[in-house]
Amino acid sequence: MPEDPPTRLRFAPSPTGALHIGGARTALYNWLAARHSGGELVLRIEDTDRERSTGENVEQILDALRWLELDWDEGPVSQASRADRHAEALKRLLESGAAYRDSATAKEVEAWKAEHGAGSGYRGTPVTEPGAAVRLRVPDEGETVVDDLIRGPVRFPNRSYDDFVIARGDGSVLYNFAVAVDDAEMGIDEVVRGDDHLSNTPKQLLVLAALGHEPPRYAHLPLLHGPDGKKLSKRHGAASVQELRESGYLPAAVRNYLALLGWGTADDTTLMPTEELVRRFRVEDVGKAAAIFDEKKLRWVNGRFMRELPLEEYAEAVARHLGRELDDRLRGACAIAQEKAQTLDEVWPLIGFLFEPPVDDEKAWAKVMKDGALAALEAVRSALVEVEAFDAGAVEKALEPLPGRLDAKPGRVYQPIRVAITGTAVSPGIFESLAALGRDESLARIDAALARLRS
RNA sequence: GCCGCUAUCGUCUAGGGGACUAGGACGCCGGAUUCUCAGUCCGGAAACCGGGGUUCGAAUCCCCGUAGCGGUACCA
């Protein structure tokens with residue numbers, strides 16, 4: 001594989017809300033590309049729309065990136081803070097005649113188009129009044145070509161583009177202008193962003209050309225959709241990074257899964273630690289078709305990561321997620337539950353009985369506590385009293401003979417224990433569970449169940 | 001409307017003219033692991049959007065159609 005030169009990229013979210021999965025994937029791809037090439041990643045906040053850009057939103061995005069463990073080398077740079085640079089560039093274009101002031105209203109533009117045909121972009125007439133918006137002159141002839149890293153050359157006829165507005169009447173600049181100026185002045189050499197920007201790229205190219213800047217390379221990622229095939233939104237459950245965190249996913253698993261959404265390896269490797277992602281990722285290999293976010297697969301990936309974690313790290317993650325102090329009891333609980341949970345959220349239901357009284361699950365009781373349950377529990381009790389070292393192995397050895405002796409299926413003996421000590425019909429292995437609970441508490445719970453059975 | 005992008009199992013994808021009776025993964029279905037659930041292992045069903053070309057030969061190239069998506073703001 002040929003070495004890629006160090007590349008300078010940027011992730012430039014607009015702080016209009018939480019970081020969604022689509023944005024997270026864009027951030028990840030930028031990060032992977034930067035780290036893969038040994039280059040740099042700049043974080044720029046696209047906040048020229050001051051209405052929607054709140055500090056709170058910005059903080060949310062930084063928070064999401066930190067949780068995902070995607071670091072950046074520069075920034076966050078506020079685009080709004082670069083207003084003087086934008087003004088300077090704007091002035092240059094006005095002076096060179098590449099841009100002009102035009103007082104046309106939206107309705108007037110519409111009327112112009114009706115007159116000139118739908119395929120023609122609006123062309124205004126320069127005015128001198130200072131309060132008018134500034135438009136960039138777009139050539140009537142020729143085409144602007146975006147040489148996309150993912151899609152190849154994409155050609156756009158210049159004629160179909162309006163002389164678009166690059167600055168408002170009050171002098172503040174618009175997105176497509178600010179982005180072009182910033183990317184150039186910040187020395188960005190590769191722009192990796194969502195597909196929804198592809199049609200805007202010719203505008204940015206036109207601005208760059210008018211300013212005499214060399215354009216960066218562009219890569220437009222296919223969009224992400226929800227399970228219904230529609231654009232991803234809050235409707236789709238865990239759509240934001242915050243929600244993913246709250247649902248108990250591991251950052252490394254999320255990175256792995258997100259990387260696979262639109263990108264894959266030739267050998268179909270599915271599970272990859274982040275270092276491998278960094279080593280193998282190339283934007284050129286990203287697919288062209290939109291992908292659907294499938295939480296089922298994320299769950300599976302997450303489960304695999306959870307099971308492969310060293311116990312201490314696993315316990316730390318669980319403790320953090322539960323907001324509990326990490327002590328030996330929790331470590332022990334994690335040890336018996338690690339094989340069974342796919343997300344951090346699923347851990348507590350499995351181990352809660354070690355910290356709290358048995359839950360009240362009437363259905364489980366009704367299903368299990370009948371027939372020979374009383375006799376079984378009595379036998380279990382006597383056997384447990386005799387166990388010397390109360391560990392899982394010893395407990396197993398003590399209980400193993402019971403089904404045979406009682407002439408009952410194992411389930412008839414073990415399920416009543418489970419319901420007695422946890423209250424539910426689902427828990428980690430019964431021997432491990434008893435051992436983790438300890439002899440005294442186990443016997444107390446079995447006694448309580450026996451009392452209830454006899455009443 | 002106009003400009004543009006995309007199209008392989010339900011989902012993520014491999015595939016870049018013969019290696020394809022189209023491979024892998026998630027999910028699903030069935031079986032095994034004679035304590036639940038989960039996990040693990042084994043097996044199974046499941047796709048090249050449609051139509052024309054090009055070619056000895058097309059999932060792969062071209063055209064048309066269809067569908068989905070994006071852009072078309074003094075939003076980003």
Side-chain angles (χ1 to χ4, degrees), chain A residues 12-16 46-49 51-53 79 102-106 109 113 117-121 132-135 146 148 150-151 154-157 159-162 164-176 178-179 194-203 220 222-223 225 227 229-231 257 260-271 287-301 303-304 307 337-342 346 349-350 364 368 396 399 403 409-419 422 424-431 433:
Chain A
S14 56
T16 50
E46 232 73 299
D47 55 359
T48 51
D49 179 0
E51 293 282 306
R52 294 187 286 173
S53 307
Q79 191 165 54
D102 178 25
S103 57
T105 63
V109 171
K113 285 197 191 181
S120 298
V134 179
R135 289 179 184 273
V146 179
D148 195 271
I150 293 171
R151 286 154 217 287
V154 184
R155 339 187 80 91
F156 297 86
R159 190 182 155 72
S160 65
Y161 278 89
D162 291 340
F164 56 98
V165 176
I166 56 177
R168 301 183 179 91
D170 66 6
S172 62
V173 299
L174 259 30
Y175 174 74
N176 283 122
V179 167
D195 203 10
D196 47 340
H197 289 284
L198 181 56
S199 304
N200 280 150
T201 307
K203 298 181 186 175
H220 289 94
L223 262 18
H225 292 168
K230 297 265 169 55
K231 212 177 154 173
Y257 174 72
L260 257 20
L261 238 37
W263 172 80
T265 60
D267 61 1
D268 281 319
T269 309
T270 307
L271 297 167
K288 298 175 184 174
I292 292 176
F293 173 71
D294 176 19
E295 191 169 352
K296 287 249 184 66
K297 189 157 184 175
L298 205 212
R299 289 184 70 81
W300 175 79
V301 172
R304 296 290 301 251
R307 266 168 262 131
Q338 182 166 16
E339 289 296 303
K340 304 169 108 47
Q342 302 228 87
E346 290 177 358
L350 290 169
V368 172
E396 175 168 8
L399 297 184
K409 285 185 169 177
R412 293 282 188 179
V413 175
Y414 298 138
Q415 278 302 80
I417 308 176
R418 195 175 325 266
V419 172
T422 72
T424 79
V426 175
S427 83
I430 196 64
F431 311 123
S433 294

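Numbered from 1 within each chain, the chains take letters A, B, ... in sequence-line order.
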Euclidean distance for [atom1], [N] against [M] (whole angstrom):
| N | M | atom1 | value |
| --- | --- | --- | --- |
| B:C49 | B:C69 | C1' | 16 Å |
| B:C48 | B:G23 | P | 13 Å |
| B:U13 | B:A7 | C1' | 14 Å |

Presence of donor-acceptor pair under 3.5 Å, side chain of [X] and base of [N]:
| X | N | result |
| --- | --- | --- |
| A:Asp268 | B:G23 | yes |
| A:Lys288 | B:A7 | no |
| A:Asn200 | B:A76 | yes |
| A:Lys340 | B:C37 | yes |

Fill in: Side chain A:Ser14, main chain A:Thr16, donor-acceptor under 3.5 Å
no
Worksheet item: Can you tell me if A:Asp47 uses its side chain to pair, donor with acceptor, with the backbone of A:Gln79 under 3.5 Å?
Response: yes
Fill in: Closest to the A:Ala291 side chain, choosing from B:C35, B:U13, B:G15
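The nucleotide sitting nearest to the side chain is B:U13.
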Fill in: A:Trp300, nearest nucleotide to its side chain (from B:U13, B:G10, B:A25)
B:A25
Worksheet item: So, A:Thr424 and A:Arg418: side-chain donor and acceptor under 3.5 Å apart, yes or no?
Response: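 A:Thr424 vs A:Arg418: no donor-acceptor pair found between side chains.
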Worksheet item: Is B:G16 paired to anything, Watson-Crick or G-U wobble with both distances less than 3.5 Å, and if yes, which nucleotide?
Response: none
Discussion item. For A:Asp162, is there an ion pair with A:Arg135 - N to carboxylate O distance below 4.0 angstrom?
Written reply: no
